[in-house]
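So the structure is just underneath, and the comments pick up after that.
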Amino acid sequence: MATQSINTTYNEEEFAGLRAVVTGGTKGIGLATVERLRAGGAKVLTSARNGEDSEDFVAADISTPEGAEQLAQEAQRRLGKIDILVHVAGGSSAPGGGFSVLDDGEWDRALGLNLLAAIRLDRALVPEMVKQGSGVVVHVTSIQNRLPLHESTLAYAAAKAGLSTYSKGLSNEVGPKGVRVVRISPGWVATENTKGFVERLATSSGSDYATAEQSLMDALGGIPMGRPARPEEVADLIAFVASPRAASITGTEYVIDGGTIPTV
């Protein structure tokens, strides 16, 4: 299927004067989101496990309490007022083989990265948004919160479902205080992590990459658009819900999956 090119001409003043924190911002959706917000004029601080600290980057493992606290402290020190908080960091490194091979370590890793990291950062940073009476929190979940795959990502799916429920509850609490909370739920996105996931499926099943990829496609029920989403497309959606154009949007979920979920 032919794909249209993405319009990369943005309003350079859209986020002028705003300060944002984006987790997982060195690759995939996170990197695309950092670049998109900066293209709109925002000052962005990001993080990842690996890298060297710089003016706009903090090396921290936010799946741990210590790493989340480190990022929160640096964000408050470097940015002061925080207007946008985007939780992108997530994923799964679990082996294939179904629920029985997911030991406590795999569950702890999935919950720490995909649920608790967001909870801890919100707990540290959202109270200041409430005090200032404004702010936007974007939780990047997954269509697996509604369409879980059992082969190797069941813990990931359960963590994302927990994040979705938590996000809705948070929006109910802080919405009346001027802080918006929105969920973005991607389907299959063409990233390095997705490629690694397919490679692990191929290894665990003793097949090749193409076979594993087709198996994953079949498990999802196919993608009616005929292709995965691109990170830049997800970043554009994140930028929209974080912008003043979405000032009346909170407590809801936006799915970007090429039509994968087959129900209303």
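Just so you know, these numbers use all the heavy atoms, side chains as well, and skip hydrogens, waters and symmetry mates. Throughout, residue positions are numbered sequentially from 1 according to the sequence presented.
No side-chain donor-acceptor contact under 3.5 Å links Glu128 and Gln132. Counted by atom type alone, Arg183 and Thr141 present zero donor-acceptor pairs between their side chains at under 3.5 Å.
Using a 4.5 Å heavy-atom cutoff, the side chains of Val181 and Val174 are in contact. Residues Pro231 and Val189 have side chains in contact (heavy-atom distance under 4.5 Å, counting atoms from C-beta outward). By the 4.5 Å heavy-atom criterion applied to side chains, Arg49 and Leu113 are counted as neighbours. Looking at Ile29 and Ile238, their side chains come closer than 4.5 Å, going by heavy atoms from C-beta outward. Looking at Asp83 and Arg19, their side chains come closer than 4.5 Å, going by heavy atoms from C-beta outward. For the pair His87/Val140, no side-chain contact is recorded, criterion being any heavy-atom separation below 4.5 Å from C-beta on. In this structure, Lys43 and Leu79 have side chains that are in contact, with non-hydrogen atoms separated by less than 4.5 Å. For the pair Ser167 and Glu253, the minimum side-chain heavy-atom distance is 4.5 Å or more.
In this structure, the side chain of Thr46 engages the main chain of Gly25 through a donor-acceptor pair within 3.5 Å. Of the possible polar contacts, none joining the Ser47 side chain to the Ala59 backbone as a donor-acceptor pair under 3.5 Å is found. Looking only at distances, no side-chain donor or acceptor of Arg180 sits under 3.5 Å from a matching main-chain atom of Val138. Remark: side-chain polar atoms of Thr165 are not paired, donor with acceptor, to backbone N or O of Gly162 under 3.5 angstrom. Side-chain atoms of Gln144 come within 3.5 Å of backbone atoms of Leu149 as a donor-acceptor pair (strictly under, hydrogens ignored).
Both Leu125 and Val58 are assigned to one and the same hydrophobic cluster, defined by single-linkage of ILVMFWY side chains at heavy-atom distances under 4.5 Å. Side-chain heavy atoms closer than 4.5 Å link hydrophobic residues (I, L, V, M, F, W, Y) into clusters, and following such links, possibly through other members, connects Val182 to Val22.
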- [ ] Could you check Arg38 against Glu35 for salt bridge (Lys or Arg N to Asp or Glu O under 4.0 Å), going step by step and ending with a plain yes or no?
- [x] CA-CA 5 Å; Arg38 285 178 179 160; Glu35 292 175 343; over 6 Å; no

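With values rounded to the nearest 0.5 angstrom, Leu147 atom CG is found 8.5 Å from Ser142 atom OG. With values rounded to the nearest 0.5 angstrom, Leu170 atom CG is found 9.5 Å from Ile119 atom CD1. Here Ile62 contributes atom CD1 and Glu69 contributes atom CD; the two are 13.5 Å apart, rounded to the nearest 0.5 Å. Atoms CD1 and NZ, from Ile143 and Lys160 in turn, are 12.5 Å apart once rounded to the nearest 0.5 Å. The OG1 atom of Thr64 lies 11.0 Å from the CG atom of Leu116; values are rounded to the nearest 0.5 Å. The OG atom of Ser92 sits 7.5 Å away from the CG atom of Asn114 when rounded to the nearest 0.5 Å.
For Gly67 against Ala60, the heavy-atom pair with the smallest separation is O-CB, 3.7 Å. Scanning both residues, Gly258 and Pro224, for their nearest heavy atoms gives O-CD, 3.4 Å. Between Arg146 and Val264, the shortest heavy-atom distance links the atoms NH2-O, 3.8 Å. Nearest heavy atom pair, residue Arg36 against residue Ala235, reads CG-O, 4.0 Å. Of all non-hydrogen atoms in Ala155 and Ala110, the two that sit nearest each other are CB-CB, 3.6 Å. Closest non-hydrogen pair, Ser171 versus Thr250, comes out as CB-OG1, 4.1 Å.
Among Ile184, Val86, Asp122, the single residue meeting the side chain to side chain contact (heavy atoms under 4.5 Å, CB included) criterion with His139 is Asp122.
Within 6.0 Å of CD on Glu12 lie no more than 12 heavy atoms contributed by other residues, nucleotides or ligands. Within a 6.0 Å sphere centred on NZ of Lys131, other residues, nucleotides and ligands contribute 12 heavy atoms or fewer. The number of heavy-atom neighbours closer than 6.0 Å to CG of Asp104, taken from other residues, nucleotides and ligands shown, is 12 or below.
Aromatic ring pairs are classed by plane angle as parallel below 30°, tilted from 30° to 60° and perpendicular above 60°; the pair Tyr254 and Phe240 is perpendicular.
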